[in-house]
2 protein chains.
Amino acid sequence: MKTIAIVDDHLLFAESLQKLVESFDEYKVIFHATNGKQFIGQLSEDNSKPDIVLMDINMPIMSGIETMQWLKDNLPDQKVLALSMDDSEATIIQMLRLGARGYLLKDINPEDFEKALKDVSDKGFYFSDRVTSTLLDNLDKDPSKQEITLKDREIEFLKLACTEKTYKSIADEMFLSPKTIDGYRETLFEKLHVKSRIGLVLYAIKHNIIEV
Amino acid sequence: MKTIAIVDDHLLFAESLQKLVESFDEYKVIFHATNGKQFIGQLSEDNSKPDIVLMDINMPIMSGIETMQWLKDNLPDQKVLALSMDDSEATIIQMLRLGARGYLLKDINPEDFEKALKDVSDKGFYFSDRVTSTLLDNLDKDPSKQEITLKDREIEFLKLACTEKTYKSIADEMFLSPKTIDGYRETLFEKLHVKSRIGLVLYAIKHNIIEV
DNA sequence: TAGAAATAGGGTGAAAATCCCCGTTTCCAG
DNA sequence: CTGGAAACGGGGATTTTCACCCTATTTCTA
């Protein structure tokens, strides 16, 4: 009997998923958490290590990404299956890089889900064809798109660009000259392969840099 | 024994939810559909009318809103509980206006969920405190925000405004003069209470007019 | 330790977006 | 049949954004 923990802020989904998991009768859900912080708390509190953690990416307070980072630092052997609504390529890559053993989209069918649990238990990982092809796509892609890393200041600017402020007032807010803002804009246009402020906004939303 | 149909494109969630529903043992899930079109097909095919439909809002091909519209026209007595991740006020209002008997956020806890099923069966509706307060908020709000209805052509323009095209090329695409586009822009700025194209994009995303 | 890279800033000019006020047609309701 | 929306188009002006040119620090690193 394998033990499972579920980390997801959608209670209805979490408890439903528990029923599904337990209908497989080789698995038992030992606890839920609604965000990473709570999960970490319960880990140490109960002193119970689940065999597999099913972890949502988008959660309030402490996201799946942040939680994976913590696990990587503190419990690197913990097996985690990421579970998410969206299949943003960047997110998938990031979670796997942080040590997730697989990435499940919520539209996976329950048979595949059971296989994922089994594979992670037995083989240590599970990759759906869709995720595998995302990985492959990412391999042979031109290096420019390979990995876009934004600096803190760039992210700060990007967030402000996703408001109705003018660049001038963004400059004020960041204590920079409008010309410097011009520089950030151009850098981001190039990095993100967009041509306008609208493109910046769309990028930011797609990559969860701003909330919607 | 009440019969339930689940309409949700997230298979994992749908099947999990089925387990949860059936753990209540007064309910039985008679079928799933992954979008509105499939649901309508199954309704007539099986000739089986579920007592309650649990319907997701965001689905490919035919959304929850479109499906509610169809039900309103064709099966106005069908009891529907809307089920959604997001609590965009406009969406809640719209679903209820189209005849949904309640609106459940996916972070509802299972006890409340069971109560929702029971209430809909017995009383015909279920409103959580959160949804109720949204409704109340909406009542006494200034009429300007009361109900924003966009015309087809405006929505068409709005979608194009959420791309990196210039207004000039949007005009071409809509077979209109750039000046007319100017008019649409200004109308929307006023209607949506925004001041820039960025505002349009943010509005469109928040109200699910475009996908992200 | 030279040179890349990151950071901050500047000038100019063109293109796009924004704003305000106006005219035409069409079409529907009172 | 008439008056008023609604859809479409326009003149003209300002502001904002965007593009492409450049320099001067600092910091990191090969």
Side-chain angles (χ1 to χ4, degrees), chain A residues 90 94 141-207 209-210, chain B residues 90 142-207 209-210:
Chain A
Q94 202 173 357
K141 197 173 299 173
D142 60 315
S144 61
K145 291 195 72 178
Q146 191 71 289
E147 186 174 4
I148 295 173
T149 46
L150 299 181
K151 303 183 212 321
D152 288 353
R153 206 71 170 145
E154 282 172 348
I155 290 176
E156 202 181 333
F157 164 70
L158 183 50
K159 284 181 179 171
L160 288 168
C162 298
T163 67
E164 294 201 63
K165 298 181 210 291
T166 67
Y167 287 136
K168 166 151 181 22
S169 71
I170 291 174
D172 288 346
E173 198 158 324
M174 290 178 72
F175 301 107
L176 292 174
S177 138
K179 291 310 285 186
T180 306
I181 291 298
D182 255 43
Y184 280 114
R185 174 168 43 67
E186 283 182 57
T187 308
L188 285 183
F189 279 9
E190 188 161 349
K191 272 195 185 177
L192 312 182
H193 313 287
V194 302
K195 292 191 302 296
S196 67
R197 188 162 167 182
I198 304 296
L200 293 183
V201 176
L202 297 176
Y203 180 94
I205 288 162
K206 198 166 303 179
H207 294 76
I209 292 168
I210 59 162
Chain B
D142 61 315
S144 61
K145 293 195 70 178
Q146 191 70 293
E147 187 175 4
I148 295 173
T149 44
L150 299 181
K151 304 186 213 320
D152 288 354
R153 206 71 170 145
E154 283 172 348
I155 291 177
E156 204 181 331
F157 164 70
L158 183 52
K159 285 182 178 168
L160 289 168
C162 297
T163 67
E164 294 201 64
K165 298 182 209 293
T166 67
Y167 287 138
K168 165 151 181 24
S169 71
I170 291 174
D172 288 347
E173 197 156 325
M174 291 178 70
F175 300 108
L176 292 174
S177 140
K179 284 314 242 182
T180 307
I181 292 297
D182 256 40
Y184 280 113
R185 174 168 43 67
E186 283 184 56
T187 307
L188 285 183
F189 278 10
E190 188 162 349
K191 271 195 186 178
L192 311 182
H193 313 288
V194 302
K195 293 191 300 294
S196 68
R197 188 162 167 182
I198 304 296
L200 292 183
V201 176
L202 298 175
Y203 180 93
I205 288 161
K206 198 166 301 178
H207 293 78
I209 292 168
I210 59 162

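Bear in mind that the values here come from a model prediction, so they are computed numbers and not experimental data.
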Worksheet item: Just how far, in rounded Å, is C1' of C:dT7 from CZ of A:Phe157?
Response: 15 Å
Worksheet item: Taking C-beta and beyond as the side chain, do B:Asp152 and B:Glu156 meet within less than 4.5 Å on heavy atoms?
Response: no
Discussion item. To the nearest 0.5 Å, what is the distance between OG1 on B:Thr163 and NZ on A:Lys195?
Written reply: 9.0 Å
Worksheet item: For the residue pair B:Ser177 and B:Ala171, what are the closest heavy atoms and their distance?
Response: C-CB, 4.0 Å
Worksheet item: Can you check whether B:Tyr167 has a side-chain N or O nearer than 4.0 Å to OP1 or OP2 of C:dA15?
Response: no
Worksheet item: Sub-3.5 Å donor-acceptor pair from the side chain of A:Arg153 to the main-chain atoms of A:Met174, do we have one?
Response: yes
Worksheet item: Which letter, B, S or -, goes with each nucleotide of nucleotides 5-15 of chain D from 5' to 3', with contact meaning a protein heavy atom under 4.0 Å?
Response: --SSBBBB---
Worksheet entry | Interatomic distance where CG belongs to A:Leu200 and P belongs to D:dT16 [whole Å] | 18 Å
Worksheet item: If we only count heavy atoms from C-beta on, is the A:His193 to A:Tyr203 side-chain gap below 4.5 Å?
Response: no
Worksheet item: Heavy atoms under 4.0 Å, any strand shown: does B:Arg197 hit a base, just sugar-phosphate, or nothing?
Response: sugar-phosphate
Worksheet, complete the sentence: In terms of heavy-atom contacts, A:Ile209 and A:Lys159 come closest through O-CE, 3.4 Å
Worksheet item: From B:Arg197 CZ over to A:Ile198 CD1, what is the distance, rounded to the nearest 0.5 angstrom?
Response: 4.5 Å
Discussion item. Rounded to whole Å, please give me the gap between CD in B:Glu164 and C1' in C:dA17.
Written reply: 15 Å
Worksheet item: Between B:Ile198 (CD1) and C:dA16 (P), how many Å, whole number?
Response: 16 Å
Worksheet entry | Length of the NZ-C1' vector between A:Lys168 and C:dG9, whole Å | 15 Å
Practice prompt. Go through the steps to decide whether B:Val194 and B:Leu202 satisfy the test side-chain contact (heavy atoms from CB on, under 4.5 Å), and finish with yes or no.
Written response: CA-CA 9 Å; B:Val194 302; B:Leu202 298 175; over 6 Å; no
Worksheet, complete the sentence: Distance col, row A:Tyr167:OH vs A:Asp182:CG, nearest 0.5 angstrom, shows 8.5 Å
Discussion item. Is the shortest side-chain heavy-atom distance between B:Leu200 and B:Phe189 below 4.5 Å?
Written reply: yes
Item to complete: For the helix from C:dT1-D:dA30 to C:dG30-D:dC1, measure the angle between the helix axis at one end and the axis at the other, each built from five pairs, rounding to 10°.
Response: 40°
Fill in: Atom-to-atom span, CG of B:Leu160 to P of C:dA16 - whole angstrom
16 Å
Discussion item. Return a single string for nucleotides 21-28 of chain D, one symbol per nucleotide in 5' to 3' order, where B is base contact, S is sugar-phosphate-only contact and - is none, cutoff 4.0 angstrom on heavy atoms.
Written reply: --------
Discussion item. Would you say that B:Ile210 contacts B:Ile205 through its side chain, given a criterion of any heavy-atom pair below 4.5 Å between the two side chains?
Written reply: yes
Response to the item:
A:Leu188 CG to C:dA8 C1', in whole Å, measures 15 Å
Worksheet item: What's the CZ-P distance between A:Arg185 and C:dA16, to the nearest Å?
Response: 14 Å
